[in-house]
Amino acid sequence: MIRTKPVLLVIAHGSRDPRHAATVHALVRRVRSLRPDVRVETGFLDFNIPSVQGVLESLTAEGACEVVALPLLLTRAFHAKADIPAVLRDAPPQLRIRQAEVLGPSPLLLSALERRLYEAGLTPGDKSSTGVVLASAGSTDPEAIAVIAEIAREWRHTGWCAVRPAFASASLPRTEDAVRELRALGCEKVAVAPYVLAPGFLPDRIARGAAEADVLADVLGPAPEVARVLLERYDAARTPVLAAVGA
C-alpha cells in the first residue's frame with residue numbers, strides 16, 4: 001500500500017508589510033520546486049491570509065490525514081514554544097500533526113548568510129579583513145539570545161576577522177553599536193548580515209543601524225540553502241510518522 005507523504009504546512013508570523021508575505025511565498029515556491037512530491041501549504045499567525053487554522057480546516061475538508069507543521073522561525077522563542085503549539089492544539093481532531101523544529105541553527109543558514117554577503121559585494125578574499133555583524137530581530141527568550149551568540153562564535157571560526165551578534169529589539173547590542181565595535185577592533189571592512197527571513201519593521205531597523213557599515217546584505221529570504229533547511233526539518237519530523245504507519 002502506497003502511503004502519501006504528510007502535507008508540509010509552513011507557518012509564518014505574518015506582517016502588515018507586504019514584502020513579508022511576498023518573500024514567504026517566494027521561499028515556499030522554491031521548496032516546492034525542490035520537492036514536487038510534497039504538498040506544501042502556507043499559513044500565517046497574524047496579519048496575512050490564509051490563517052493557520054483556515055489551512056488546517058481546508059486540509060481536513062479535503063481528506064488530508066497527516067501534517068508536518070514547520071515554524072518559519074530561526075530560533076526557538078515564544079512563537080515556537082507557545083503561539084504555534086496553541087494554534088495546532090485547536091486543529092481539527094482528524095488531523096495527525098507533528099510540529100517540526102525551527103530552522104536554526106544550521107550550517108546551511110551560515111552558507112545562506114555568506115551568499116547574501118557575497119551578493120552584496122564582498123568576496124571570499126575579504127573574509128580575513130572583514131568584521132561581520134550578525135543582526136537578528138531580538139528576543140526576550142534567553143535561549144534564543146544564547147543561540148545567536150553561539151552562531152556568531154561559530155561563524156567567526158570560518159575565517160572572518162570578527163563576528164559580533166546584534167539585535168533589533170529586546171536585547172543589546174544594537175546593530176549600530178556592533179558596527180562601531182568592529183571599527184574599533186581595526187577591521188578594514190564592516191558588513192551587516194541580517195539573520196532574518198523576510199523584510200519588515202525590524203529588518204528595516206537593522207538596515208538603519210547599518211548606516212556606517214561598508215556592506216549591508218539582504219535578508220535570507222528564498223535563498224536555496226534556506227529551502228533545503230525547510231526540507232531537512234520536514235524530513236526529520238515526518239520520519240517517526242512514517243515509521244508509525246508502517247511506511
Side-chain angles (χ1 to χ4, degrees), residues 1-104 106 137 139 141 143-144 196-200 220-222 226-247:
M1 179 178 179
I2 298 175
R3 299 282 185 180
T4 59
K5 294 182 175 66
V7 176
L8 170 54
L9 173 57
V10 177
I11 301 179
H13 182 272
S15 171
R16 293 186 177 90
D17 188 323
R19 297 173 299 168
H20 174 90
T23 302
V24 170
H25 290 311
L27 174 58
V28 169
R29 286 194 297 271
R30 186 177 287 275
V31 172
R32 289 184 180 130
S33 72
L34 291 175
R35 289 285 292 275
D37 58 318
V38 176
R39 178 175 178 179
V40 187
E41 299 292 340
T42 309
F44 295 91
L45 291 175
D46 206 353
F47 302 116
N48 302 106
I49 55 174
S51 67
V52 175
Q53 188 66 27
V55 174
L56 293 173
E57 290 173 358
S58 295
L59 289 173
T60 302
E62 293 175 25
C65 298
E66 297 176 355
V67 174
V68 170
L70 194 156
L72 197 60
L73 300 168
L74 295 171
T75 58
R76 265 184 53 81
F78 181 79
H79 294 305
K81 294 177 180 179
D83 282 355
I84 291 175
V87 171
L88 297 180
R89 281 195 294 271
D90 290 335
Q94 302 95 315
L95 283 179
R96 186 176 184 182
I97 301 176
R98 188 175 296 270
Q99 182 175 327
E101 292 296 327
V102 298
L103 303 186
S106 167
S139 173
D141 189 306
E143 178 186 349
V196 293
L197 289 165
L220 294 172
V226 179
R228 287 169 58 195
V229 176
L230 262 73
L231 289 170
E232 283 187 357
R233 299 293 184 257
Y234 167 77
D235 287 333
R238 79 183 182 93
T239 299
V241 175
L242 293 176
V245 297

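- Formation of a donor-acceptor pair under 3.5 Å by the Gln53 side chain with backbone atoms of Asp90 is found in this model.
- Side-chain contact between Arg238 and Arg98: absent, with no pair of heavy atoms (C-beta onward) separated by less than 4.5 Å.
- In this structure the side chain of His13 never reaches within 4.5 angstrom of the side chain of Pro71, judged on heavy atoms.
- Between Val24 and Leu72, the closest side-chain pair of non-hydrogen atoms falls below 4.5 Å.
- Of all heavy-atom pairs spanning Thr42 and Pro50, the tightest one is O-CG, 3.3 Å.
- Each of Leu70, Leu231, Val10, Val226 was scored for a side-chain contact (heavy atoms from CB on, under 4.5 Å) with Val31, with one residue passing: Leu231.
- With a 4.5 Å cut-off on side-chain heavy atoms, Gln99 and Pro85 count as touching.
- For Ile49, the CD1 atom sits in a loose shell: 12 or fewer heavy atoms of surrounding residues, nucleotides or ligands are nearer than 6.0 Å.
- Closest of all the heavy-atom pairs between Thr23 and Gly221 is CG2-CA, 3.6 Å.
- Considering only heavy atoms from C-beta on, His20 stays 4.5 Å or farther from Phe47 through its side chain.
- Shown here for Ala237 and Val68, the closest heavy-atom pair between the two residues is CB-CG1, 3.8 Å.
- The line from CZ of Arg39 to CG of Leu59 is 5.0 Å long, rounded to the nearest 0.5 Å.
- For the side-chain contact (heavy atoms from CB on, under 4.5 Å) with Arg233, the lone residue among Asp235, Leu230, Val229 that qualifies is Val229.
- Residues Arg76 and Glu101 form a side-chain contact, since some pair of their non-hydrogen atoms from C-beta on lies under 4.5 Å apart.
- Considering only heavy atoms from C-beta on, Asp83 stays 4.5 Å or farther from Asp46 through its side chain.
- Of all non-hydrogen atoms in Gly43 and Leu9, the two that sit nearest each other are N-CD1, 3.7 Å.
- Between the side chain of Arg30 and the main chain of Pro222, a donor-acceptor pair closer than 3.5 Å is present.
- Counting heavy atoms from C-beta on, the side chains of Leu45 and Ile11 come closer than 4.5 Å.
- When every heavy atom of Leu95 is checked against every heavy atom of Leu56, the shortest pair comes out as CD1-O, 3.6 Å.
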**OP:** Evaluate the criterion side chain to side chain contact (heavy atoms under 4.5 Å, CB included) for residue pair Arg35 and Leu8; output intermediate values, then yes/no.
**Re:** CA-CA 11 Å; Arg35 289 285 292 275; Leu8 170 54; over 6 Å; no

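- The structure places CD of Glu143 at 8.0 Å from OG1 of Thr75, a figure rounded to the nearest 0.5 Å.
- Residues Ala21 and Asn48 approach most closely at CB-ND2, 3.9 Å, considering heavy atoms.
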